[in-house]
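Before anything else, here's the structure in question.
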Amino acid sequence: MVSTSSTSAELVARSNRLGRDPRVTNYAGGNTSAKGAETDPVTGEPVELLWVKGSGGDLGTLTESGLAVLRMDRLRALVDVYPGLDREDEMVAAFDYTLHGKGGAAPSIDTAMHGLVDAAHVDHLHPDSGIAFATAKDGEKLTAKAFGDRVAWVDWRRPGFQLGLDIAAIKAANPQAIGVILGGHGITAWGATSKEAEKNSLWIIKTAEDYIESKGKKAPFGKPVAKRAALPAGERHAKAAAIAAHLRGLASTDDPKVGHYTDSDVVLDFLASSSYEKLAALGTSCPDHFLRTKVKPLALDLPSNATVEATLARLDVLHEAYRKDYAKYYDKHAALARTELAGSLGTGVAESLRDSQSSSVPAMRGADPAIVLVPGVGMFSYGANKQTARVAGEFYVNAINVMRGAEAISTYTPISDAEKFRIEYWALEEAKLARMPKPKPLAGRIALVTGAASGIGKAIATRLAAEGACVVIADLDLAKAQEAAAELGGPDTAIGIVANVTDEAAVQSAIDQTVLAFGGLDLVVNNAGLSLSKSLLETTVADWDLQHNVMAKGSFLVSRAAAKVLIDQKLGGDIIYISSKNSVFAGPNNIAYSATKADQAHQVRLLAAELGEHGVKVNGINPDGVVRGSGIFAGGWGAKRAAVYGVPEEELGKYYAQRTLLKREVLPENVANAVFVLCTSDLSHTTGLHIPVDAGVAAAFLR
């Protein structure tokens, strides 16, 4: 037996290789294991252990901390106490009593598959080619044709202890076999060494791919339908941007969602195929797929050239029908599940516990679609955050590949809705969801911050991202905007875009990029600005126009374009202006800047009055003297203001602090804190407000 460190390290390395190959498995899909020996610290004797990927982990990014470690003697002993299918869920809790050592991940439902199969190394994977066989109408016969006796067939069974027993029995009866096709689900392979298990897994996947390629129909989805052909790239992106906010509003009817847009060739070709509507209606099959995508997508039935108005009107109708259909699906199968449970308890007990059993089936989690398909345009996927939304789209691409493969060699036949429901509303799935960390305050919200590559804007973007929001950093300097976005975590958290707020087309492009990146928009921060410190007589018309174009006109353009999205979504939202103490305070040599800030301050009041009926709050923040980290002060404004007050430029921050009531210097983070407070639920009933963030400047008190 190899040592613990080499066993687990070898398993992690194999898992990472398999998980990073999209042909092999999808994100967080599948699991791997290895058996080996370690010295028991209590007895000093060798003990046989199982290392297996824990619940909720991802093979591609797996580390040793993501492994569950179990004692094989105790795991095998569970066979003797297994109470049968009716009480199979109890076995997951029993795994806790087989754990070895401290820490480690929680064992997943597939643990029995790995522990009970008599092989040192086991891989359970979800390759598109393997699932194509698993979902083919005559999958069992095709498995024999393609793989001979090296791969066996297992009829669909919900993952669990019994499935582990079934696979173990098949391996024992077929010593020549290297793995199995799991009906409706995926593949499992094994080997005496880690290298052999990986080799066998890849052989099954490659053999399935080759069979589909050589034996399958060349046009499994039928002839393309011209009226659903992909629009030219520019045209489809414009249409996607035009419908994205409305779609997100529909998908967020029950709970706020973040969106993701996909227009890959795989998606566009599927939407243009003659089999599109038939196959979309069948939904997905692999549990990992439909847990992310729901049992089926919302599929638009209009041609590619349908107008935006016609598209939105039809989507409204289809969405209402989708919700009703999903509610029927839930009610029907929830009732059947309760009946099955009542029967398993016995007539007398079932009668007395009738009321309590209603809680045994989890409540419906929402009736909105997770996948929306729009011919000619692409796919919109939704989730609680950007990663979940993106991964849902990736899973549906997997499902398209599965359907293509199954249709090429047979007829795509997913598992029944009844079985899908048993997985989707499984008590164990509910328990997994309950273990997820509590969402951050701004989770599911999408923010656009202008002038956000440095200074106050960057601090605001950083705080919003830290609180769970998706953030678009808009700035004149694209490189700095992208660098700032990368610092916040990359495209699942933030993106950087170029935006000149004085240009109407550029502002609309920024809004379009935002809704295409994250599905919509909830929070806009008008922060872009510049400062010219000149007296009245020194201020030129060009100075005046520049100051007003960037801040007064720029804020107006951004707010107007954003308001269209916020109104279309019907989810409310926030518009926040970073104004200034100077909007109410009269100081020397500051005519253009202060007048512009007063303009912004009144825009807050005007927009609050106009947008309130749409649930949109509009508020402002009045900072003062934010010197440290400020692009404005570094660009010459600081030197000029220091000259006005007769202090060295490096002492300007301290000077500003000493003239305040609190004697504190104002930092970019202080402004960011105020933005966060304004857009939380604690101030859900506040609009038209200006919050001073100036450490107390009595002359700027609001009256």
Would you tabulate the side-chain donor-acceptor contacts of residues 514-522 under 3.5 Å, counting partners in other chains and residues two or more places apart, or write 'none'?
{"residue": "Thr514", "atom": "OG1", "partner": "Ala510", "partner atom": "O", "Å": "2.8"}
{"residue": "Asp522", "atom": "OD1", "partner": "Arg248", "partner atom": "NH1", "Å": "3.0"}
{"residue": "Asp522", "atom": "OD2", "partner": "Arg248", "partner atom": "NH1", "Å": "3.1"}
{"residue": "Asp522", "atom": "OD2", "partner": "Arg248", "partner atom": "NH2", "Å": "2.8"}
{"residue": "Asp522", "atom": "OD2", "partner": "Ile446", "partner atom": "N", "Å": "2.8"}

What is the minimum heavy-atom distance between Arg463 and Phe676, and which atoms define it? NH2-CD2, 3.0 Å

Does a donor on one side chain sit under 3.5 Å from an acceptor on the other, for Asp512 and His237? no

Under 3.5 Å: donor-acceptor pair, side chain of Asn670, backbone of Leu667: yes

Sub-3.5 Å donor-acceptor pair from the side chain of Thr680 to the main-chain atoms of Val677, do we have one?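 Flag set: sc Thr680 to bb Val677 pair under 3.5 Å.
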
Once rounded to the nearest 0.5 Å, what's the spacing between atom CG of Leu247 and atom OG1 of Thr311?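 Taking CG in Leu247 and OG1 in Thr311, the distance rounds to 9.5 Å.
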
Spell out, as yes or no, whether a donor-acceptor pair under 3.5 Å connects the side chain of Asn582 to the backbone of Phe585. no

Can Thr61 and Asp58 be counted as having a side-chain donor-acceptor contact under 3.5 angstrom?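 Yes.
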
Assess whether a salt bridge exists between Asp255 and Arg365, defined as any Lys/Arg side-chain N lying under 4.0 Å from an Asp/Glu carboxylate O.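 Here Asp255 does not pair with Arg365 in a salt bridge, since their nearest N and O are not under 4.0 Å apart.
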
NZ/NE/NH1/NH2 to OD/OE distance under 4.0 Å, Arg314 and Asp301: yes

Check: Ser304 side chain, Leu231 main-chain N or O, donor-acceptor pair, under 3.5 Å: no

Answer yes or no: is there an ion pair linking Lys257 with Asp368, defined by an N-O contact shorter than 4.0 Å?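 Salt bridge absent between Lys257 and Asp368.
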
Does the Lys NZ or Arg CZ of Arg659 fall within the cation-pi geometry relative to Tyr645 - under 6.0 Å from the ring centre and within 45° of the axis? yes

Residues Ile243, Val374; criterion side-chain contact (heavy atoms from CB on, under 4.5 Å); working and verdict: CA-CA 10 Å; Ile243 67 175; Val374 181; 4.2 Å; yes

Cut-off 3.5 Å, side chains only: do Asp599 and Thr596 have a donor facing an acceptor?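 Short answer, no.
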
Thr502 and Asn549: side-chain donor and acceptor closer than 3.5 Å? no

Side-chain donor-acceptor pair under 3.5 Å between Ser559 and Tyr577, yes or no?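 On atom types as modelled, these side chains qualify, holding a pair under 3.5 Å.
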
What's the shortest heavy-atom distance between Pro623 and Val671, and which atoms? CB-CG2, 3.9 Å

Keeping His690 on the side-chain end and Ala601 on the backbone end, is there a donor-acceptor pair under 3.5 Å? yes

May I ask you to test the Leu298-Leu373 pair for a side-chain heavy-atom distance under 4.5 Å?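 Side-chain contact under 4.5 Å: no.
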
Test applied, side-chain contact (heavy atoms from CB on, under 4.5 Å); reference residue, Val697; option that passes from Val584, Leu661, Asp624: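 Testing each of Val584, Leu661, Asp624 against Val697, the sole residue satisfying side-chain contact (heavy atoms from CB on, under 4.5 Å) is Asp624.
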
If you define the side chain from C-beta out and look only at heavy atoms, does anything of Glu504 sit under 4.5 Å from Arg560? yes

What is the distance from atom OG of Ser579 to atom CG of Asn622, rounded to the nearest 0.5 Å?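 Atom-to-atom, Ser579:OG and Asn622:CG are 4.5 Å apart.
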
More than 12 non-hydrogen atoms from neighbouring residues, nucleotides or ligands closer than 6.0 Å to NZ on Lys663, yes or no? yes

Looking at every non-hydrogen atom in both residues, tell me the closest pair between Cys679 and Leu523 and how far apart they are. SG-CD2, 3.8 Å

Separation of Glu665 CD from Gln658 CD (nearest 0.5 Å): 10.5 Å

Quick one: does Leu271's side chain get under 4.5 Å of Leu300's, heavy atoms only? no

side-chain contact (heavy atoms from CB on, under 4.5 Å), that's the test. Do His319 and Val372 meet it? Break it down for me. CA-CA 10 Å; His319 176 253; Val372 179; over 6 Å; no

Hey, does the side chain of His614 reach the backbone of Ile567 with a donor-acceptor pair shorter than 3.5 angstrom?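 Pair absent, no side-chain N/O of His614 close to backbone of Ile567.
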
In terms of heavy-atom contacts, does CD of Glu651 have more than 12 from other residues, nucleotides or ligands at under 6.0 Å? yes

Do NZ/NE/NH1/NH2 and the carboxylate oxygens of Glu669 and Lys458 come within less than 4.0 Å?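 Looking at Glu669 and Lys458, the cut-off is not met.
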
Once rounded to the nearest 0.5 Å, what's the spacing between atom NZ of Lys570 and atom OG of Ser252? 12.5 Å

Value for CG (Leu689) from CZ (Arg605), rounded to nearest 0.5 Å, stands at 10.0 Å

Spacing of CD1 belonging to Ile576 relative to CD1 belonging to Ile691, to within rounding of 0.5 Å: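 Between atom CD1 of Ile576 and atom CD1 of Ile691 there are 8.0 Å.
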
Okay, side chain of Asn589, backbone of Lys534: is any donor-acceptor separation there less than 3.5 Å? no

For Ser531 against Tyr593, the heavy-atom pair lying closest together: OG-CE1, 3.0 Å

Please test Met551 against Lys597 for side-chain contact (heavy atoms from CB on, under 4.5 Å), starting from the C-alpha separation and ending with a verdict. CA-CA 8 Å; Met551 294 192 292; Lys597 285 300 183 182; 3.6 Å; yes

Going by heavy atoms in the side chains, are Tyr396 and Ser381 under 4.5 Å from each other? no

Output yes when a side-chain donor or acceptor of Thr388 lies under 3.5 Å from a complementary backbone atom of Ala384, and no otherwise.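 No, because the side chain of Thr388 does not come within donor-acceptor range (under 3.5 Å) of the backbone of Ala384.
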
Could you check Val449 against Asn526 for side-chain contact (heavy atoms from CB on, under 4.5 Å), going step by step and ending with a plain yes or no? CA-CA 6 Å; Val449 186; Asn526 280 308; over 6 Å; no

Is there a donor-acceptor contact under 3.5 Å linking the side chains of Ser65 and Thr63?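 Checked: Ser65/Thr63 side chains pair up, N/O donor to acceptor below 3.5 Å.
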
Is it true that Lys617 and Asp574 have a side-chain N and a carboxylate O under 4.0 angstrom from each other? yes

Between Glu235 and Lys239 (salt bridge meaning N to carboxylate O under 4.0 Å), is one present in this structure? no

Is it the case that the side chains of His260 and Lys386 hold a donor-acceptor pair, with the cut-off being a distance below 3.5 Å and no angle test?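 There is such a pair (donor and acceptor under 3.5 Å, judged by atom type) between the side chains of Lys386 and His260.
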
Is any side-chain heavy atom of Val472 less than 4.5 Å from a side-chain heavy atom of Ile497? yes

Check whether Asp568 reaches the backbone of Val565 with its side chain - one donor and one acceptor, N or O, closer than 3.5 Å. no

Is there side-chain contact between Ser555 and Val558, with heavy atoms separated by less than 4.5 Å?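 No. Closest side-chain heavy atoms not under 4.5 Å.
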
Work out which heavy atom in Gln547 is nearest to a heavy atom in Leu532; give both atom names and the distance.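 Nearest pair, atom of Gln547 first, then Leu532: OE1-N, 3.1 Å.
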
Does any non-hydrogen side-chain atom of Val675 lie less than 4.5 Å from one of Val525? yes

Can you tell which of Val550, Asn500, Asn527 makes a side-chain contact (heavy atoms from CB on, under 4.5 Å) with Thr450? Asn527

Closest approach of Asp475 and Ala481, non-hydrogen atoms and distance? CB-CB, 4.1 Å

Looking just at side-chain N and O atoms, do Tyr27 and Glu394 make a donor-acceptor pair shorter than 3.5 Å?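 Short answer, no.
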
Does Ala552 offer a backbone N or O that forms a donor-acceptor pair with the side chain of Gln603 under 3.5 Å?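 At least one qualifying donor-acceptor pair exists.
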
Would a 4.5 Å heavy-atom cut-off, applied to side chains only, mark Ile495 and Ile473 as touching?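 A side-chain contact is absent here, since even the closest heavy-atom pair is not under 4.5 Å.
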
